[in-house]
Amino acid sequence: MADPKSQKFQTLTGMRDMLWPDSARRRLLVDGFVGLVGNAGYKEVVPPLLENLGVFRRIGEATDVVTKEMYDFEDKDGSRIALRPEMTAGVARAFVQHKPALPWKVFYTGSNFRHERPQKGRYRAFDQVGVEVLGPDDPDVDVEVIVLAWRFFEALGLEQVRLLVNTLGEHADRSAYSEGVRLYLESRRSELSGQAQETLQRNPLRVLDSKRREDKAVIGEAPRISKYLSEAAAEHFGRVCSGLDALDVPYTVDDRLVRGLDYYRRTTFEFAADALDAAQNAIGGGGRYDGLVEDLGGPATDGVGFALGVDRILLACDAEEVFAPPVTRLDAYLVDLTGGESARDLTHEIRGAGMSADRRFGAGSMKAQMKAADRSGARFAVIIGSDELVADEVTVRMLRRPDDGSHSDAANGGQGGPTDAQQRIPRRELIEFLRSRK
RNA sequence: GUGGUCGUAGCUCAGCUCGGUUAGAGCGCCAGGUUGUGGCCCUGGAGGCCGGGGGUUCAAAUCCCCUCGAUCACCCCA
C-alpha cells in the first residue's frame, strides 16, 4: 500500500461489492426463491450472523469448514464466537431455543463466511438460499425439499443441472460403512495419493470424493453403502427415489456422493451444473441431518434441508445464457428546460400517483436530458419548455413502446424500437395520460 | 495452506521480446455539430504516479528482486 495518509481501501480477499446490474439479478433470483418456497408453506427464519463457536462445531470436527475455515474470534467478554460458515447449524440452534410447533418449515437467505483461497465460484463471503424442515421422518419431506430446489432451477431457465442422490444410512449404518471403507482403503493405502492418505486418517468417507485421477481406481472398488444399509434406511431411500420418479424429477443415484458436513444421515443430494466448466460446479446440496438437533441440546428431532449457492447459480445462468438481468423500466423521465422547479414537482407528483419517474439533477442541455431520459429506460419523456410552462402544458414524447423490452436502438431493425411520437397535453392531464398508457 | 498465470484510463486490451521525445485504441462518460428533441453518425474533451517498493542504467510501462492484489487449479465446499 502507498503512504498511509492516502491509503486506498479495497474489498478484502475473497469478498466483493456487487453493483448493478449484478445486484438486480441477484435480487430477482432471491425474490423468486422466496416466492417459490412461500407457496410451499415455508416461513422465513433470520438467524444472526454470529453464533457461539460451539454451534458450528457440530458441523463436524473432521471437516475443514470447522477446523480451518471459520472466522472465529474472541468476543469482548472472552467467549468464543464465529461468523456462520453455513446456515443449518444456526437454524437448528434456533429450533432448540424457541421450540416451535412441528413440523417447522423454514427458509432463509443470507451470507456465510469461510476463510478459503478464493477461486471461480468460491468466495469468502457468499450468499446462500435454503430451506429446512424439522420434525417429520417422512421420506415425502425429502422429496418435497429436493423437488423444490429442482423447480427453482427450472424456473430460472437452467437446463444443464444434474441431481445426484445417495443415502448414508442411519447413524449406525454410516459408522459401520465408514469403518468398512477405512479398512479397505488402509489395505490399499500405498496406491493412494498423498493427499488421500491424509484424508483417510481424518475422515475415510471423504476419500471417496477425491478428484485425483490416481485415486480413482482404488475408489472404484471400494465397498458400497448398499451392503451396510439397515432395512429401515433402505426403505426410506427407496421411497425417496420413487417419490422423485412420481414427480418426474430426473436423478442419478451416486453411491460415492459423500457430502462434506458430518451431520448428514440417510438421504444426501447435490445439484451439479454441467454448464460450469469450473471446478466448483456444485450449485446446491443438502440432505437429512437426524441427530443435529439432539447434538445441540434439543430433543431427538429429524431434519432435512438444502442450501443453494447464489453466486454459483448465477454463474451457471451465465454459462447457459439464461436469466438475464431485469430491464430497467420507468414510466416517465422529466426534461425541464425552465430551471428545474417543474421537474422537481412533477417527479414527485408522478411517484405519488404510484408510477415511476426520474429526472436529471443539474439539468444540462436538452440533448443531455433527452439522452439521460433514453438511458433511464423510461417509456415517456415529459418535456417542459418555456412554451409549455406559459401554457400550463407538457409535451409527452414516447421513447419506447409498451411491449419493447429492449433498450431503444435505431439499428435493431425498427421493430418496436424507434419511436418519436409526441404530443402536448394540459399539465393536469399528465397523470391520467401516463396511467392510461402503463 | 500448496502450485501456475496475470496486474497499463471507469471497462476490454495494445505497447514490454530488441529499455529512449508529451503512454495508445475501442467501449463508456462529458461537450459540440442540431440556439427545444434521445437512440445512428461526425468532431472535440476529460480521465493513467503503467498495482506498490527497491535495484540495474545517462534513461525503466519495458530488465532484475521483493511485496500486495487478482485469477485458475489442488484442497474443501455452496
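By convention in this document, chain letters (A, B, ...) are assigned in the order of the sequence lines, proteins followed by strands, and residues within each chain are numbered from 1. Every value quoted in this text rests on a predicted model; they were computed, and no experiment measured them. These values consider heavy atoms only, across backbone and side chains, with no hydrogens, waters or symmetry-generated copies.
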Rounding to an integer number of Å, can you tell me how far [X] [atom1] sits from [N] [atom2]?
| X | N | atom1 | atom2 | result |
| --- | --- | --- | --- | --- |
| Met15(A) | G69(B) | CE | C1' | 15 Å |
| Lys367(A) | G32(B) | NZ | C1' | 7 Å |
| Asp387(A) | U37(B) | CG | C1' | 13 Å |
| Phe271(A) | A78(B) | CZ | C1' | 12 Å |
| Phe56(A) | A78(B) | CZ | P | 14 Å |
| Met370(A) | U34(B) | CE | P | 18 Å |
| Lys371(A) | C41(B) | NZ | P | 10 Å |
| Asp22(A) | G10(B) | CG | P | 19 Å |

Assign [X] to base, sugar-phosphate, or nothing according to its heavy-atom contacts below 4.0 angstrom with the strands shown.
| X | value |
| --- | --- |
| Ala282(A) | sugar-phosphate |
| Ala368(A) | sugar-phosphate |
| Gln422(A) | base |
| Arg379(A) | nothing |

Is there a donor on the side chain of [X] or the base of [N] sitting less than 3.5 Å from an acceptor on the other?
| X | N | result |
| --- | --- | --- |
| Glu388(A) | G36(B) | yes |
| Arg206(A) | C77(B) | no |
| Gln369(A) | U37(B) | no |

Extract all donor-acceptor atom pairs below 3.5 Å that involve side chains of residues 22-29 of chain A and protein atoms in other chains or at least two apart in sequence.
residue, atom, partner, partner atom, Å
Ser23(A), OG, Trp20(A), N, 3.1
Arg25(A), NE, Phe323(A), O, 2.7
Arg25(A), NH1, Asp318(A), OD1, 2.9
Arg25(A), NH2, Asp318(A), OD1, 2.9
Arg25(A), NH2, Phe323(A), O, 3.3
Arg26(A), NE, Asp127(A), OD2, 2.6
Arg26(A), NH2, Asp127(A), OD2, 3.2

At less than 4.0 Å, is any side-chain N or O atom of [X] found next to OP1 or OP2 of [N]? Yes or no.
| X | N | answer |
| --- | --- | --- |
| Ser386(A) | G36(B) | no |
| Thr13(A) | A70(B) | yes |
| Arg424(A) | G36(B) | no |

### Query
Are the side chain of Glu429(A) and the backbone N or O of Glu432(A) linked by a donor-acceptor pair below 3.5 Å?
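No; zero donor-acceptor contacts below 3.5 Å.
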What is the pairing partner of [N], taking Watson-Crick or G-U wobble pairs with both distances under 3.5 Å in any strand?
| N | result |
| --- | --- |
| U56(B) | none |
| U17(B) | none |
| A73(B) | U2(B) |
| U37(B) | none |
| C30(B) | G44(B) |

Can you tell me how far [atom1] in [N] sits from the matching atom in [M], rounded to whole Å?
| N | M | atom1 | result |
| --- | --- | --- | --- |
| G20(B) | U34(B) | C1' | 47 Å |
| C66(B) | U62(B) | P | 16 Å |
| G51(B) | A61(B) | C1' | 12 Å |
| A59(B) | U43(B) | P | 42 Å |
| C40(B) | C27(B) | C1' | 16 Å |
| U56(B) | C65(B) | C1' | 11 Å |
| A9(B) | G45(B) | C1' | 14 Å |
| G47(B) | C30(B) | C1' | 11 Å |

### Task
Specify the residues of residues 114-130 of chain A, ordered by number, for which at least one heavy atom lies under 4.0 angstrom from an atom of RNA chain B.
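Nucleic-acid contacts, sorted: Arg114(A), Glu116(A), Arg117(A), Gln119(A), Lys120(A), Gly121(A), Arg122(A), Tyr123(A), Phe126(A), Gln128(A).
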### Query
What distance separates Asn281(A) CG from Arg312(A) CZ, expressed to the nearest 0.5 Å?
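With rounding to 0.5 Å, CG (Asn281(A)) is 8.0 Å from CZ (Arg312(A)).
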### Upstream residue (5' side of RNA chain B) when Ile383(A) and Leu308(A) are each assigned their closest nucleotide
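Looking at RNA chain B, the more 5' nearest nucleotide goes with Ile383(A).
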### Task
Could you check Leu337(A) against Asp311(A) and say which one's nearest nucleotide on RNA chain B is further toward the 5' end?
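It is Leu337(A) whose nearest nucleotide is closer to the 5' end.
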With [X] via ring pair (Phe, Tyr, Trp, His ring centres under 6.0 Å) - residues at least two apart:
| X | answer |
| --- | --- |
| His115(A) | Tyr71(A) |
| Phe380(A) | Phe433(A) |
| Phe153(A) | Phe271(A) |
| Tyr123(A) | none |

### Under-4.0 Å salt bridge between Arg265(A) and Asp290(A)
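No, Arg265(A) and Asp290(A) are not salt-bridged.
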### Query
Would Arg400(A) and Asp374(A) pass as an ion pair if we require N to O under 4.0 Å?
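The answer is yes: the pair qualifies as a salt bridge.
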### Task
Compare the minimum distances between each of G36(B), C75(B), G32(B) and the side chain of Gln280(A), then state the nucleotide with the smallest one.
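The listed nucleotide nearest to Gln280(A)'s side chain is C75(B).
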### Query
Picking from G36(B), G69(B), G39(B), which would you name as closest to the side chain of Met366(A)?
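That would be G36(B).
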### Message
Between Tyr42(A) and Phe107(A), is the ring centroid distance below 6.0 Å?
### Response
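So the answer is no for these two rings.
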